Novice: 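I'd like to ask you about the structure that follows.
None of the values given here were measured: they were computed from a predicted structure. Just so you know, ligand 1 is whichever comes first in the structure, and atom 1 is the first atom listed for that ligand. These values consider heavy atoms only, across backbone and side chains, with no hydrogens, waters or symmetry-generated copies.
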Amino acid sequence: MKLTTAQFKKDFLSEIETLYSTSLDDTTTIGQFIALGQLVRRYNSQSWTRTAKLYREHHQKQVYYFSIEFLPGRLLASNLLNLNLLSIVRKGLKELGLDFETISRSEPDPALGNGGLGRLAACYMDAMASLKIAGNGNGIRYRYGLFKQVFMDGYQVELPDDWLHHGNVWETRRDNKSCIVRFGGNVWLQPQPDGSLQAQYENTDDVLAVPYDVGIVGYHNDITNTLRLWSAELPPSVTQTYYSQAQRDRISEISKVLYPDDSNSAGQQLRLRQEYFFSSAGVQSIVRDFCATHHGMRSLGKKIAIHINDTHPTLVIPEMMRLLMDEHHCSWDVAWTLTTQVMSYTNHTILQEALETWPIGMFQGLLPRIYQIIVEIDRRYRAQQTPIFGKALVDLTAPLGNGQVRMAHLAVIGSHSVNGVAPLHTELLKTDVLRGLYQVYPERFNNKTNGIATRRWVQLANQPLSQLIDQTIGSSWRRQPDLLQTLLPYQQDDHFLHQLAQVKLTNKQALAAYVQRTMGIKLRTDAIYDVQIKRLHAYKRQLLHVFEILREYFVIKDHPDQPVVPRVHIFGAKAAPSYHYAKAIIKLINVVADMVNQDPVIGDRLKVVFIPNYGVSIAELIIPAADVSEQISTASKEASGTSNMKLMANGALSLATYDGANIDIMQAAGAENEYPFGLRVHEVYDYYQRGNYRAAAFYNGNPELKRILDSLINGTIPGIPTVGREIYDSLIRYNDEFFVLADYQAYVKQQQQISQDFQDQPTWQQRALANIAASGHFAADLAVARYADDIWQVPHDRLN
Ligand code: F55
């Protein structure tokens, strides 16, 4: 949109006046943020209305991305970027004596997700809007986001994340789009005079689902899509006059807090309530909107695509069946054909413990009608497939089995497409976790490698780099990230490489200032910034990284006068509150950090910082400053990873196992520009098959490694008698489930190589550039365009 600085200042001051009836100098920073947010909404309101109208008039096929988590990050700067107003607003505020960054930092960062899965959903929302796809998000408006993490005595302590304390400027409550979601009670099918059956309910617990819509602004294209987040409330008293306190609590609980768990099926009734709540409300509102503009249901499959992000929204399948049959009087066969046409499913994990299942007893009690429908899906599946594939395979793959509802099976059977998130991961789905279903439905399986929103992770998070790229190849890469490839020839341009190093230095200074201010730790900016940022999980092997720190520590202690290449090890990670082992690792990292950071012999040559409360906003600060990207999961365990892509796009070199999308990054940027190491998937699987992994053999065979492990239990690392023993035992007594010891030597070798290579800065910067130049491959826009073409079959803007 067109806006002058003068007009903006006028508008902003008038917004302040309207909201607070006072002058600018009498407002707080958060007050200024809210005024600015309101103003941006006003600037964009026509676009939001027009977009809905445009899609309606063109009868455009709508995509609904169902996800129990969305991690959008702060929206002020990204909305301004996408509206092309960022520099005007920055300038206008400056002229008013205000600092845009300060105001922007006061915006709460909605932590409505745990990690990669929730952030991916947010990157895809941004990409859909930017590609002019009629894309809608559907999720839960959690009253409290993922806990706020603080460290006390090195232990993780969880505090509530009251992100709505000052309200949310970006949301619009839409009471007229509310609907009722039913739980519990009894259900029966009542024969009707015309011979049909009508579902009848009694004694149900009814919950009012109220949508809050957030506009998702497309990049410079006048498109605003909608992210719809549902809040659970008491139904209006006309439908029921009295609610016991227990009932009230049960209702308000549903959207109260995000489950702080990743890769671990919590198996709680409340979680199942959350899943059905947003699945049912979402499908009801889709069907309602569809009916308002179409006669009959026939064209549903051509006009609607519903995407199931991991298994949590799988109940959209039986819910769609319920609505089509019970409310719209479709036959089973018609309903099933429409449902499978509409649905598609992405799997994000091969970890067995993360595949959701629900005990049948609990499920049936909570969702009796949905359970009936699943029983019928199961019956028909068995009847149809047993003659072809035999009972054994069908038992293994049916939606019901071992007294459980198996959500992944239901998702595959009720969808026309199933995808993994990196080529290796998709292969493992076919050959391992979902191999039975792959035999039955080979044509449904496909890969869609993850992607990231370059706009947020480069344009916004790394403005110095973005400016350098603009000066070098022009600004078209901002719309077409694949143009970053044209940077590659600048590998031969010494001046450019020098500027690239300067950009990194600037970003390190910003991070170092934050660490100094918030943690009181002084960091050198000429050190290697070695970064591992992701959820704390045994399979991600933060422990291996700690072993490297201890190794470096012992080297300096043993040879205090030998020169070393200075390093800063940076961690960001939250552990699920119930994940005892992950919390032990957090304590270990913090204790090692204190030991190292306070040792005068070590001085400024080695520092360890564990930045608390890792999330989208802290990632935006760390990633641009990174030299080394630690992607060191046990081969086969990390479905894709996405921090690997963000770090690469910001010029970090990956120190990486042959896992997930690391493999694709090596291919795109050239393995010579990364540091690959460690067991391959087939080696890990061989160990499993033969049962011949002996962690103790690595321990006994490597004195350096033995010294590190012993330091956990012999008092060398002070203050961890229990935690140290637990970790030691997990490796020696319980035989190191994630092959940390097997990969130690290869990992250390690459770490030593890094220290050597970093000293040749021109060559290092050439390799950083190779990563930046190849990062366009992993742009969310490209990934989403492939979903649009292959799975959703919806039109989108050309990418060039
Ligand atoms: C959250 C809740 C539950 Cl119950 C289960 C899993 C999660 C979760 O956060 N999973 C998650 O983040 N998975 C990650 O998805 C990313 C996006 O596809 C992948 O890159 C990453 O490998 C995978 O671990």
Novice: Do the rings of Phe151 and Phe610 sit parallel, tilted or perpendicular, given the 30° and 60° boundaries?
Specialist: perpendicular

Novice: With a cut-off of 4.0 Å, which atoms of ligand 1 are near a heavy atom of His348?
Specialist: 15 (O), 17 (C), 18 (O), 23 (C)

Novice: What I want to find out is whether Lys148 reaches Glu158 closely enough, with some N-O distance under 4.0 Å, to be called a salt bridge.
Specialist: no

Novice: Just let me know how Leu117 lines up against ligand 1, side chain, backbone, both or neither, with a heavy-atom cut-off below 4.0 Å.
Specialist: both

Novice: Within the 3.5 Å criterion, strictly below it, is a donor on Tyr581 or Ser730 matched to an acceptor on the partner's side chain?
Specialist: yes

Novice: Indicate yes or no: does an N/O atom of Ser640 lie under 3.5 Å from an N/O atom of ligand 1?
Specialist: yes

Novice: Could you tell me, atom by atom, which parts of ligand 1 come under 4.0 Å of a heavy atom of Asn114?
Specialist: 9 (O)

Novice: Should the proximity of Arg535 to ligand 1, defined as any heavy atom under 4.0 Å, be assigned to the side chain, the backbone, both, or neither?
Specialist: neither

Novice: Establish, yes or no, whether a centroid distance under 6.0 Å links the rings of Phe277 and Phe183.
Specialist: no

Novice: Heavy atoms only, cut-off 4.0 Å: how does Arg271 contact ligand 1, side chain, backbone, both, or neither?
Specialist: side chain

Novice: Out of all atoms in ligand 1, which are within 4.0 Å of some heavy atom of Asn450? Include the element for each.
Specialist: 17 (C), 18 (O), 19 (C), 20 (O)

Novice: Run Arg541 and Asp743 through salt bridge (charged side-chain N to carboxylate O under 4.0 Å, His left out) and show every step you take.
Specialist: CA-CA 10 Å; Arg541 301 198 297 191; Asp743 276 346; 2.7 Å; yes

Novice: Would His425 count as a contact of ligand 1 if the rule is a heavy atom under 4.0 Å away?
Specialist: no

Novice: Does ligand 1 have a heavy atom under 4.0 Å from the side chain of Asp261, from its backbone, from both, or from neither?
Specialist: backbone

Novice: For ligand 1, which atoms, with element, lie under 4.0 Å from some heavy atom of Ala639?
Specialist: 22 (O)

Novice: List every atom of ligand 1 that sits less than 4.0 Å from any heavy atom of Tyr539, numbering the atoms from 1 in the order shown and giving each element.
Specialist: 24 (O)

Novice: Under the side chain to side chain contact (heavy atoms under 4.5 Å, CB included) criterion, do Val740 and Leu731 qualify, and how do the steps go?
Specialist: CA-CA 8 Å; Val740 177; Leu731 299 169; 4.3 Å; yes

Novice: Distance only, no hydrogens: is a donor on one side chain within 3.5 Å (strictly under) of an acceptor on the other, for Arg228 and Asn136?
Specialist: no

Novice: Take the angle between the ring planes of His545 and Phe571 and call it parallel below 30°, perpendicular above 60°, tilted in between.
Specialist: tilted

Novice: N/O of Gly641 under 3.5 Å from N/O of ligand 1, yes or no?
Specialist: yes

